[in-house]
Amino acid sequence: MPSKLPINSKILIVGGGTFGLSTALWLLRSGYRNVVVIDAFEIPSDISAANDVNKIIQTSYADAFHYNLALGALELWKNDHVFKPNFHEVGIVYASTSLEASEEVKEIDRQRISLGKSPLVPLTSKNEFLKVAPQLTGELSGWSGGFQQDECGWAHARNCLIQCADEVRNLGGEILVGKANGLVIEDGVVKGCTTEEGTVYLAEKTVVASGASSIGILDFEDQMLAKCWTFAHIKLSSEEAQKFKNMPVILNMDQGFFFEPDTNNEIKICNETPGFTNYVDSKKNPQSSVPISRDSIPKECEDAIRKIFSQTLPEFADREFVKKKICWCTDTPDRSFLISEHPDYKNGSLVLATGDSGHGFKFMPIVGKYVSELVINGCLSDEDKSQKWKWRPETTKNRIQDRLGGTGTVQDLKDISDWI
Ligand code: FSA
């Protein structure tokens, strides 16, 4: 077993988003004081996937590994003063309008039962949906599913970033602006990173936690595939918004999801798709899909969003979008995270904490526990986690897709001509 990292060691975390800030928080709470986070932007970064008004906080998973991990996070969503104020435990309506999606809901139910949880409340008719979400006015034709009342809902993601960053600073951590573009390596040991601005940051341990931007810093041997999803906001009047207070998250597994209005009276709605890449080389190597920022969405995504409203809240189906955005995630081949020491560098000097795979945010309160364990002890105490999250370029041949909706295939943004 490697020796424990001395308490005064300098730890550099590249990326101040979900994984990076959580790691900084856990390290500082473990007594490490020399913790520096750098991010290309002030927090909350405009390109962090978590810079968003709401994200689903879901504990129910079809697989026991993520289910148990989410239950660990839930404890902190309910009790940690950084996260608790941002968690809204309003429940989730899991719905489906296709056979594959209804299978997914059944899988979740099976896993719940095997973990000793009560089954989801079955939703097989419009009336049953209205009992749990009376705000819905649409016909919900072909909708079925299940309802989970507690241990789930949504969180104000942007405020989590802000509050976590405040806590990091309060505990003595530093958060600096700089766009990392490479590592400083001496004799096989990572000694920090360089930035586009020409600054060199040195540290005993470097953690790369920069989500979809991680591929700009080091070669992940095609394990990371940056993809984006789309969402829009509509604005309600105060009277309209009033009716939706504490509405559960409406999550149709094959079409998309929406939330109760935020404090600005805006409803955020996302359409489900297999995601979009942005390849910059014609060979389409996974690592050449790079995030770009856009305040517009493909027309087909607008149509999909309006379709969800026409089934659930037809009064909003034609309402103007006051915001349209794309949001970047980075998929590993099997959609488990990559939380591991890099095998090619000595002394565990480079730790990777990335590969959110489009389901990372709900784990924000707890993910740093494991990354910090790796930084401090040089290994994870749980063998299952070290297996699941290890460096694994051999898995790139069998990349799973694992999402429903849209055209059924991952499209490249450059092949989309119709935008709104
Ligand atoms: O499990 C979750 O955290 C839901 S994430 C929401 C979402 O838009 C996915 O529906 C999508 O497939 C992609 O993974 C990005 O995130």
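All residue numbers refer to positions in the sequence shown, counting from 1. Note that ligands are numbered from 1 as they come in the structure, with each ligand's atoms numbered from 1 the same way. Computed over heavy atoms, backbone and side chain alike; hydrogens, waters and symmetry mates excluded.
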Participant: Going by atom types only, do T230 and N271 share a side-chain donor-acceptor pair under 3.5 Å?
Facilitator: yes

Participant: Over 60° means perpendicular and under 30° means parallel, so classify the ring planes of W143 and F129, tilted if in between.
Facilitator: perpendicular

Participant: Would you say ligand 1 has an N or O under 3.5 Å from any N or O of F257?
Facilitator: no

Participant: Which of the numbered atoms in ligand 1 are under 4.0 angstrom from any heavy atom belonging to E272?
Facilitator: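 Those atoms are 9 (C), 10 (O), 11 (C), 12 (O).
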
Participant: Identify the protein heavy atom lying closest to atom 5 (S) of ligand 1, giving its residue, its atom name and the separation to 0.1 Å.
Facilitator: G358 O, 3.2 Å

Participant: Can you sort out which atoms of ligand 1 are near H359, meaning under 4.0 Å from one of its heavy atoms?
Facilitator: 1 (O), 2 (C), 3 (O)

Participant: Where is the tightest heavy-atom contact between W26 and S372, given as atom of each residue plus distance?
Facilitator: CB-OG, 3.5 Å

Participant: Name the orientation class of the two ring planes belonging to F363 and H359 (parallel below 30°, tilted from 30 to 60°, perpendicular beyond 60°).
Facilitator: perpendicular

Participant: Does a side chain donor of either Q311 or Q255 reach within less than 3.5 Å of an acceptor in the other side chain?
Facilitator: yes

Participant: Can you tell which part of K362 has a heavy atom less than 4.0 Å from ligand 1: side chain, backbone, both or neither?
Facilitator: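 Contact part for K362 vs ligand 1: side chain (C-beta onward).
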
Participant: Just need the protein heavy atom nearest to atom 13 (C) of ligand 1, so name the residue and atom and give the distance.
Facilitator: W229 CE2, 3.4 Å

Participant: Check the orientation of F259 and W154. Use parallel for under 30°, tilted for 30 to 60°, and perpendicular for over 60°.
Facilitator: perpendicular

Participant: Which class fits the ring pair F65 and W389: parallel under 30°, tilted 30 to 60°, perpendicular over 60°?
Facilitator: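 Plane angle over 60°, so perpendicular.
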
Participant: Any atoms of ligand 1 less than 4.0 Å from a non-hydrogen atom of Q58? List them with their elements.
Facilitator: 1 (O)

Participant: Record the part of R403 in heavy-atom contact with ligand 1 below 4.0 Å; permitted values are side chain, backbone, both and neither.
Facilitator: side chain

Participant: Quick one: which ligand 1 atoms are inside 4.0 Å of a heavy atom on R335?
Facilitator: 14 (O)

Participant: Looking at ligand 1, would H66 count as a contact under a 4.0 Å heavy-atom criterion?
Facilitator: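 Checking ligand 1 against H66, which is what was asked, there is no heavy-atom contact under 4.0 Å.
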
